[in-house]
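Working notes, beginning with the structure itself.
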Amino acid sequence: MSANDDIAARLEEFADLLEAQDVDYKPRAYRRAAENVRAHPGDVARLAHGGEDALDEIEGVGDAIASKIVEYVETGEIAELEDLREELPVEMGELTRVEGVGPKTVGTLYEALGITTLEELEAAAAAGEIQEVSGFGAKTEQNILENVEFAREATERELLGEARPRGEGVVDYLAGRPEVERIDLAGSLRRWKETIGDVDVLVATEEGEAVVDAFTDWPGADAVIEAGDQKASVRSGEVRVDLRVVDPSEFGSALQYFTGSKDHNVKIRNVAIDRDLKMNEYGVFDVSDVEDPDADQRAGERIAGETEEGMYEALDMPWMPPELRENWGEIEAARDGDLPDLIDEGDVRGDLHVHTNWSDGDYTVAEMVEGAASFGHDYLAITDHATGPGMVGGVGVPDDELREQIEEVRAVAEEADIPVFTGVEANISTDGEISVDDDVLTELDVVVASPHAGLDGDGTDRLVAAVEHPEVDIIGHPTGRYINQRSGLDVDVERLAEAAADNDTALEINANPARLDLGGGAVKTAVEAGATIAINTDAHQPASYDLVRYGVHTARRGWAEETDVLNTRDVEGLREFLE
DNA sequence: GCCGTTTTCGGCCCGACTGTTTTCAGTCG
């Protein structure tokens, strides 16, 4: 949790506790402040060290909240929040995670039954005590009982690699229905963000009810959360899947709106306002002759909304791929005609980081090669783990065995349908040493060097040392992070990328959905610094070759073009780089 | 509690859905 998230969480708890006590308006003020603290590009804690006045620049933070932020940063506590917690000693965060339970419900149930924790909530529901409380009934009690377990489990955002197949499953299931005129994923899933809060599906149809009925019958749905005629939600595994139904004439505007990101939409809405236009989920409206544009969501003359392309065109901008919509400069670039020509899924021609049963893979060299050929790759590099820091239990291949493997790979290559490169995934020690002897490295075609141990603290010096090693071609999963599990090394990506560009060493996007390392933001920095990117799957079995798409879309989130990526080159181009 | 101003008070986003209510409150996105 970053420091900003930490401060925002206190403010949100403040809001919840006030709301539970039926306080009006203040909760909204605290929520708004929390949201803006969370979204603030700089370190709010550092800002707070400059005193309350320095916090002025954050929207929604006035004198009262500013002094609380300063108090929190300086003492680690907010006295008033401690008081509120004493008055209402509940586990607000975990209780409100239960679907359908908000701050007011928490407050009421504490007053009536003294419920403070998830366990107590579950016990009270099971004992039938909740339906006795005024305002509650048997149905509510049942819902709470069903949702407690889910609240306990679903504490993390789902990995893209799990959410994406789930979302595509819903879309495939609904797309064939005659009532569905258009359908698409929206939200962070459409932007291919590395983790997903929920799955958003948007459908254009004249017959909402029929679509909702079909949706709630989707075999992937474990439970129906709600179902109306314009929207419905189901629970699928650990995530919530939201369906929205709109009139076909509003599909483009709704898709633009629900794809986000929020920051992108705020920015683009302001572009609209500057042009006397109004932009929302219903379209783009010319409000130059309208007295009060805010009076009606559909006020003014509608000039776009049926297609997403039309929405952007109405603002004199080209349509832009969802991966770019993070307010990382794409709106300025679109206005200047400088949008990147992003790499596409079909552009990657080979995999330069895969494992076999020589190390921790499950398949032989021949099987991995055959798999790559039938996947459609033009070439493949075999890069098993070397011994060294991080390789325990005999996983790594010692230098003398690597020499033997070179012979086997060459033998397989003679029979193979595609060129096969010899290689290794060597380890980068904490002081930047490469764990394989130089004599062996020079014999290999492709040397991937990756950090596997000591994955905390600043890793920039260590990685730069590896980049400068003359035999290293690619830095594998540079930070070593595992999403939702460990954050990996802190890396000054700009400095790393500049070194990589100077030394003709590529930086990997490891396409494994648990890694996506480098991530989108880092890729953007690396590309801007002129570094070459390699998109590899780190496959341990042929079935993993198709994970490459997660790498490609991560590259797109980092504004990478085909020419920025090493393994979009043909074999000759690749050989040139390796030499 | 914040903000903007018709500038020190008065208003604060909103629509869909559910459940418990008999006209609405709470939750969610």
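Since the model is a prediction, treat every value here as computed from it, not as a measurement. Chain letters run A, B, ... following the sequence lines, proteins first and then strands; every chain starts at 1.
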In Watson-Crick or G-U wobble terms, with both distances under 3.5 Å, the base opposite B/dG10 is B/dC3
Taking only the side-chain nitrogens and oxygens of A/Arg28, find out if one of them lies under 4.0 Å from OP1 or OP2 of B/dG1.
-> no
Just wondering, do A/Phe136 and B/dT20 stack (centres under 5.5 Å, planes under 30°)?
-> no
Does the side chain of A/Lys68 get closer than 4.0 angstrom to OP1 or OP2 of B/dG1 through an N or O atom?
-> yes
Only one of A/Glu94, A/Glu122, A/Glu238 clears salt bridge (Lys or Arg N to Asp or Glu O under 4.0 Å) with A/Arg152; which?
-> A/Glu122
Which of B/dG29, B/dG1, B/dT20 is nearest the side chain of A/Glu80? It is B/dG1
Protein-nucleotide distance (A/Glu146, atom CD; B/dT18, atom P), rounded to Å = 14 Å
For residues A/Glu194 and A/Thr554, determine if any side-chain heavy atom of one lies less than 4.5 Å from a side-chain heavy atom of the other.
-> no
Give one of base, sugar-phosphate or nothing for A/Val224, where a contact means two heavy atoms less than 4.0 Å apart.
-> nothing
Whole-angstrom distance between B/dT7 and B/dG11, as gauged at atom P | 14 Å
Between CZ of A/Phe14 and C1' of B/dG1 the distance, given in whole Å, is 10 Å
Distance below 4.0 Å between A/Arg240 side-chain N/O and B/dG29 OP1 or OP2 = yes
What is the distance from CG of A/Asp200 to P of B/dG29, rounded to the nearest Å?
-> 9 Å
Expressed as a whole number of Å, how far does the P atom of B/dA16 sit from that of B/dT23?
-> 23 Å
Using only side-chain N and O atoms of A/Asn143, determine if any of them is under 4.0 Å from OP1 or OP2 of B/dT18.
-> no
When we call it a touch if two heavy atoms are under 4.0 Å apart, what does A/Ala227 touch: a base, just sugar-phosphate, or nothing?
-> sugar-phosphate
Rounded to the nearest angstrom, tell me the gap between atom NZ in A/Lys104 and atom P in B/dT20.
-> 18 Å
Describe the nucleic acid contact of A/Asp24 in one word from base, sugar-phosphate, nothing, applying a heavy-atom distance below 4.0 Å.
-> nothing
So does A/Lys231 get a side-chain nitrogen or oxygen closer than 4.0 Å to the phosphate oxygens (OP1/OP2) of B/dA16?
-> no
Within the structure shown, what part of the strands sits under 4.0 Å from A/Ala186 by heavy-atom distance: base, sugar-phosphate, or nothing?
-> nothing
Pairwise C1' distance for B/dG26 and B/dT20, with rounding to whole Å | 11 Å
Using a cut-off of 6.0 Å, state whether more than 12 heavy atoms not belonging to A/Glu181 lie near its atom CD.
-> yes
Over how many whole Å does the gap from A/Arg32 atom CZ to B/dC13 atom P extend?
-> 8 Å
A/Ile225 CD1 to B/dG29 P, in whole Å, measures 8 Å
A/Asp247 and A/Ser249 side chains, donor-acceptor separation under 3.5 Å | yes
Kindly say if A/Ser233 contacts the phosphate of B/dG29, meaning a side-chain N or O under 4.0 Å from OP1 or OP2.
-> no
Check step by step if salt bridge (charged side-chain N to carboxylate O under 4.0 Å, His left out) holds for A/Arg182 and A/Asp184.
-> CA-CA 7 Å; A/Arg182 301 187 62 190; A/Asp184 212 332; over 6 Å; no
Using a 4.0 Å heavy-atom cut-off across all strands, classify A/Lys26 as base, sugar-phosphate, or nothing.
-> base
Could you tell me whether A/Pro27 contacts a base, only the sugar-phosphate backbone, or nothing, with contacts defined as non-hydrogen atoms closer than 4.0 Å?
-> nothing
